[in-house]
Structure formats: C-alpha cells, structure tokens
Amino acid sequence: MPLKLYNSLTRQKEVFEPLNAPYVGMYVCGPTVSGESHLGHARPFITFDVLYRYLLHAGYKVRYVRNITDAGHFEEEGKAAEDKITSKAILEKLEPMELVQKYTHLYHWAMDQFNNLPPSIEPTATGHIIEQIEMIKKIIADGYAYEANGSVYFDVIKYNEVYAKKNQPYGILSGRNLEDQLDTTRELENQDEKKNKVDFALWKKAPVEHIMRWQSPWGEGFPGWHIECSAMATKYLGKKFDIHGGGMDLQFPHHECEIAQSTVCNHEMPARYWVHNNMITINGRKMGKSYNNVVKLSELFDGSHPILTQAYSPMTVRFFILQSQYRGTLDFSNEALQASEKALRRLMDAFEWLKAQSFVADTMAKDVQLDAQLKTWVDELPEFMEDDLNTAKVVANLFEMVPVINSLKDKHIAADAIAGSTWQWVQAQLIIYIEKVLGLRVESGANRQQLNGVIHLLVEIRKEAKAKKDFATSDKIRNQLMEMGIQIKDEKDGEVSFTFA
RNA sequence: GGUCGGGUGGCCGAGUGGCUAGGCAGAGCUCUGCAAAAGCUUCCACAGCGGUUCGAAUCCGCUCUCGACCUCCA
C-alpha cells in the first residue's frame, strides 16, 4: 500500500512517489526565533515529525531540512522598540544574536520535550545571506526583479505574464488570481517604490534603526521574508525536491513567493508535494499574536498561563495533536487536554505492560474471533497512516486493543485465548507504531530511579500493614501518595503497581 | 469585499451513501477490606430547510452560522 498525501498544489490526495527513491528530500518552514514558541507552533513540528518518522519507518532515506529564521525584525517580547534605539550603552542595546540564541535554545528544548527527532539539517537564515544575495542577483539578471532605492522587489506581474502561459501562474498554490489581489491587497509602507503593489521584497534597505544589516550589491540591508527558504531549500535539497511542509497560514504569501522565486532561479517548481497542517484554535479562533490568545509552550508545560487550569506535559500535548488528523483545525480547551492526558496514561500503561511480557509463539488461539480481530486492528495501522497520516484512526485502533491487553493482564481472558504468535506480532507492531512512528514515550521525571525505589519501599510497608489488617497505615500510604500524584494499584494477583499522575 | 474551509452526542475529535470510530465526562454492574485501577454494559449525534435515492450525517441546492487567508504569522 502506497503512502498518500494531500497535496495543496493539486488539492487532492496523491500517491507519494519520491523523485529519487529511496531518497526523500523534505523541507519544513521552521520558527522565527524572535520569541518563544507557542502551542500553535507545536502542530507543524509534531505533524512533520510524524511524517518524517513514517517515511523512515517505510525505509526511505530522508533528508529533513527545517530552517531557523533568525534574520528580520528583532524585538524582545514586551519591550518597546524605542528603548533599543535610544539606549547608548552596548549592554543595554538589543543584541540580536543574544535573542536568537535564547529563543533557539528554548525552541530546541521544546522540540526535545515533544520527542521530535532533530532534522537532518537545521540551517539559519543569517548563515545563508550569501546564497540569498546570489539568488536575488540571478532573479534580477533574468529580469524578474528590480532595484528601487536600495531595495529589491520581485516583479510579480511579469512573472505571472510569462509563467501563466506555462501553466504556473502566480497564485497556483493558494488558488488566487492576480486580478483579485490587485484589487484587495492592502497599502503598505514604501508602496511607491514598487512597480506594483503585489510585488514583494527580495531585499530591503535597512533603515538606520534596523539592527540586523548586511552588505549587498544594493547597499546595506537585510533579506526579504521569503527568499531564505528558497535559498536554503535549493542549497540542501536541490532545485527540485519531494516535500515542502508548513502551516496553512504560510501557503500565501510565503510559499507562493517561494515558488515564484525558485522557479525563476531554477526553472522548476521547487517541490512536488506541498503539505500544510491546519491551525490550532482556541475558542474557535486561530492562536496567534494578533488575537492575544497565545499560550506559550513553557506556560503550557508548567500551567502558568491564566487560561490553563493545570499544567500539561509535552506528551499530553503531542498526543492531543495526534488524536486529530493534521488537516483539520484542532480546538484547544482544558477539557480536551485533560481528556488527552487521561487517555494517554491509559494507553501507555497498557502498552508498557504488554511490552514487558514475553510470549511463546507456539500456542493456538482459543478465541479465534478475538485473535483475528486483534490482527485486523494491527493490520489497519499502516493503512491509516498511508491515508494522509490519519493518526486519529491509528490512535482509535490502539484504544481498541487496550481493553484486550488489560483483560489479559487482569486475567479476564485466558492467556491462550489469543495465539502466542499473535501477541508477539501485536507487541512488535505496537512498539513500532507507538514509539517509533507516533513518537510517544513514557514521561519520566528527574531521579526516577531513586523515586521508584522509595515507592517500592512504601509499597512493601503497605503490604505488610495490609497483611496485619492495619488498614489505617495502608490507606495512609496509598492516600498520601495519591495526593502527590502517585497512584497505587492493587493487582489481581496480589502484586502492586503504581503510576505517576 | 475577494478566495477557501468548516458546522458530528456534555467536551475533543474520526468517518463511509446502507453495517451508525476512538478518547474524556455521565449511568449501571463485576472485581475489591474500602478506594482506585481494570473489565463489562449503557445514555447522548450528525446546524436548519428542501431535493436526488429503495436508503444520506455522507451527494445537490438554499438558509443560518463559525473560521482561515488576502498583512509578520505554524
């Protein structure tokens, strides 16, 4: 069964065929590190991490490039721009690299918390100024860009005239036509520099107060907002590569402009499959700075944002995102996150138990029907993934198996109800799908080993108390551990297990 | 205003023209010293109005309604 992905370019699900199998090139637009990442940012990075993981699982050799945008306007959050310009002392002045460093670290920390695999290459915009300038020079030389007062603009009208005839008009990705845009595009500053208001900047002349600036053939300035991705994608993935991903809000203008730039430079549509994840909403609205409804990841993890009734762990958030298909909006609420938290715990408890079992292959199934059902649930996992990464269905099937696993554990079903070979298959596949593909892991705090030892000791004391019918003591241990978020469970066979809330 | 996408049970979310995911919450039962956990059972649905069809939540039309993009944006 082949993998099918929804291609925004063609507006349909398409069978994924790499240009040079088994190699796959994938570019995903990374963060702008001028501020801290929020919940909304988590979605693309987790979505494309799962795609990356699935491609690896499918045997492809993937080069996954995810950039860091560290060039542009830089203002520390909450500080007014005037402060930076007026302050004289160097340490009081905004040092862009300091911010870049700070937020890059925070971003990497968050990615790690989410158990996102690091990309193969993580290029920075500031590290590729030369490539960007070269690209701009090429576009000018080909006649699709012009200089105006120290800035360089892309000539969208001309591009459209030429490439519309080649069935690649400007607007091909976002489904817009240029005439509409000419009517609706808002007025921006320095509009008069442009030949036309739909033109976009490749290079901007730096005003005096602009801190980040580089020398260029057009004077001191900084790159436009779209050229970095074109330059870095071309450099590391070639003129044409397989997958270009990002959030839906980047489709226009960002990706549209990338297509135009890259096509002029490389004479090819840069990517074959354009994959866009939908937004995370909060009370039905997209989470974004302009709506003032942003929950930063660090706030999410420690519960410090006023909208949050509690903290949510990174795996809870990851699982929350995986419970929906990436192309739909996903609505955030405390209720929804709490549901995910509980569900994930139930899933992982069952999974961890199953993982620790050893099954013998040579027993026959007494319950043939259940045996077959279990196999079906497992067999459907790849089918769901291949259907445009329907992780929601994958998760649903995992939950179908949870009661069966727990029934085996609690001896509600006999050990030989299901064939040993089936259990081995289920076990192996769940390890692949839960850990490798979905990237879920059991979260552990610091000093977990010591903590476990302490709990085991308390569990022993409680056992002894119970044996002596000293329920006051046994309940005290259980209840106080519960208050600390550690749950004691008396198993059927007299053993005791515990989980961390 | 232009372009596009939605409206599914208390909440979050899959979904196919007929067999009505899954999670959380609720109810009942089993197990249990009690509790929790676990298992079993169960309630609650497809925005509205028409139409196509033997049959539609799923196709078509209209209405209402929400949102996204058009500006940096995941």
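In what follows, every chain begins at residue 1, and chains take the letters A, B, ... in the order their sequences are listed. Bear in mind the structure is a predicted one, so any value in this text is a computation, not a measurement.
We find that CZ of A/Arg462 is positioned 11 Å from C1' of B/G33, with the value rounded to whole Å. One atom, CD1 of A/Ile46, and another, P of B/A74, lie 15 Å apart when rounded to the nearest Å. In this structure, CD1 of A/Ile321 is placed 16 Å from C1' of B/G23, rounded to the nearest angstrom. Atom CD1 of A/Ile413 and atom C1' of B/A38 are 13 Å apart (whole Å). Between the C1' atom of B/U71 and the CG atom of A/Asp199 lies a distance of 16 Å, rounded to the nearest Å. Note: CD (A/Gln373) to P (B/A21) measures 13 Å, nearest angstrom. Between the NZ atom of A/Lys197 and the P atom of B/U71 there is a distance of 10 Å, rounded to whole Å. Whole-Å rounding puts the A/His255 NE2 to B/C70 P distance at 13 Å.
Residues A/Trp109 and A/Phe114 keep their aromatic ring centres 6.0 Å or farther apart. Aromatic ring centroids of A/Phe45 and A/Tyr107 lie under 6.0 Å apart. If you look at A/His255 and A/His276, their ring centroids are closer than 6.0 Å.
Of the residues near RNA chain B, A/Phe252 and A/Met279, the one whose nearest nucleotide (by heavy atom distance) lies more toward the 5' end is A/Phe252. Between A/Ser407 and A/Asp331, the residue whose closest nucleotide on RNA chain B is further toward the 5' end is A/Asp331.
No hydrogens or angles were tested; on distance alone, a donor-acceptor pair under 3.5 Å links the side chain of A/Arg478 to the base of B/A35. Contact annotation: side chain of A/Lys286 to base of B/C73, donor-acceptor pair present below 3.5 Å. For a distance-only test at 3.5 Å, the side chain of A/Asn278 fails to qualify as a donor-acceptor partner of the base of B/A68. Applying the 3.5 Å distance criterion, the base of B/C4 shares no donor-acceptor pair with the side chain of A/Arg11.
The side chain of A/Lys393 sits closest to B/G15 out of B/C69, B/G15, B/C11. The side chain of A/Ser324 lies closest to B/G13 when the candidates are B/A74, B/G13, B/A38. Here the nucleotide nearest the side chain of A/Leu330, chosen from B/C12, B/C69, B/A74, is B/C12. Of all nucleotides listed (B/C70, B/A35, B/A38), B/A35 comes nearest to the side chain of A/Asp490. Among the nucleotides B/G39, B/A14, B/C12, the one closest to any side-chain atom of A/Asn406 is B/G39. The nucleotide whose nearest atom lies closest to any side-chain atom of A/Glu335 is, among B/G22, B/A74, B/G10, B/G10. The side chain of A/Arg285 has B/A68 as its nearest neighbour among B/C73, B/A68, B/G33. The nucleotide whose nearest atom lies closest to any side-chain atom of A/Asn390 is, among B/C73, B/A25, B/A14, B/A14. With B/A74, B/A21, B/G2 as the choices, the nucleotide that has an atom nearest any side-chain atom of A/Ala392 turns out to be B/A21. The nucleotide whose nearest atom lies closest to any side-chain atom of A/Phe471 is, among B/G33, B/A74, B/C72, B/G33.
For B/A74, one of the phosphate oxygens OP1 or OP2 lies less than 4.0 angstrom from a side-chain nitrogen or oxygen of A/His41. A sub-4.0 Å separation between OP1 or OP2 of B/C72 and a side-chain N or O of A/Lys289 is absent. A close approach under 4.0 Å does occur between a side-chain nitrogen or oxygen of A/Arg346 and OP1 or OP2 of B/G23. Side-chain N/O atoms of A/Tyr291 include one lying less than 4.0 angstrom from OP1 or OP2 on B/A68.
Base-pair partner of B/U71: not found among the strands shown (Watson-Crick or G-U wobble, both distances under 3.5 Å). Figure legend. B/U20 is base-paired to no nucleotide; pairs are counted as Watson-Crick or G-U wobble with both atom distances under 3.5 Å. Partner assigned to B/A27 is B/U41, using Watson-Crick or G-U wobble distances below 3.5 angstrom. With a cut-off of 3.5 Å on both Watson-Crick or G-U wobble distances, the partner of B/A47 is given as B/U63. Taking a pair to require two hydrogen-bonding distances under 3.5 Å in either a Watson-Crick or a G-U wobble arrangement, B/C34 remains unpaired. Of all nucleotides present, none satisfies the Watson-Crick or G-U wobble test against B/U58 with each distance under 3.5 Å.
One C1' atom belongs to B/G13, the other to B/U8, and the distance between them is 9 Å to the nearest Å. Straight-line distance between the C1' atoms of B/U52 and B/C59: roughly 8 Å, to the nearest whole Å. The same atom, P, is picked in B/C60 and in B/C4; the two are 15 Å apart, to the nearest Å.
Residue A/Phe45 and nucleotide B/A74 are not classified as a stacked aromatic pair, given the requirement of ring centres less than 5.5 Å apart at an interplanar angle below 30°.
Counting only heavy atoms from C-beta outward, the side chains of A/Glu36 and A/Ser298 approach each other to under 4.5 Å. Looking at heavy atoms from C-beta onward, A/Met111 lies in side-chain contact with A/Arg66 at the 4.5 angstrom threshold.
Annotation for A/Leu322 and A/Thr391: closest pair O-OG1, 2.8 Å, computed over non-hydrogen atoms.
For the salt bridge (charged side-chain N to carboxylate O under 4.0 Å, His left out) criterion with A/Asp387, the lone passing option out of A/Lys13, A/Arg327, A/Lys393 is A/Lys13.
Sparse packing is recorded around NZ of A/Lys476, with 12 or fewer heavy atoms of other residues, nucleotides or ligands lying under 6.0 Å away.
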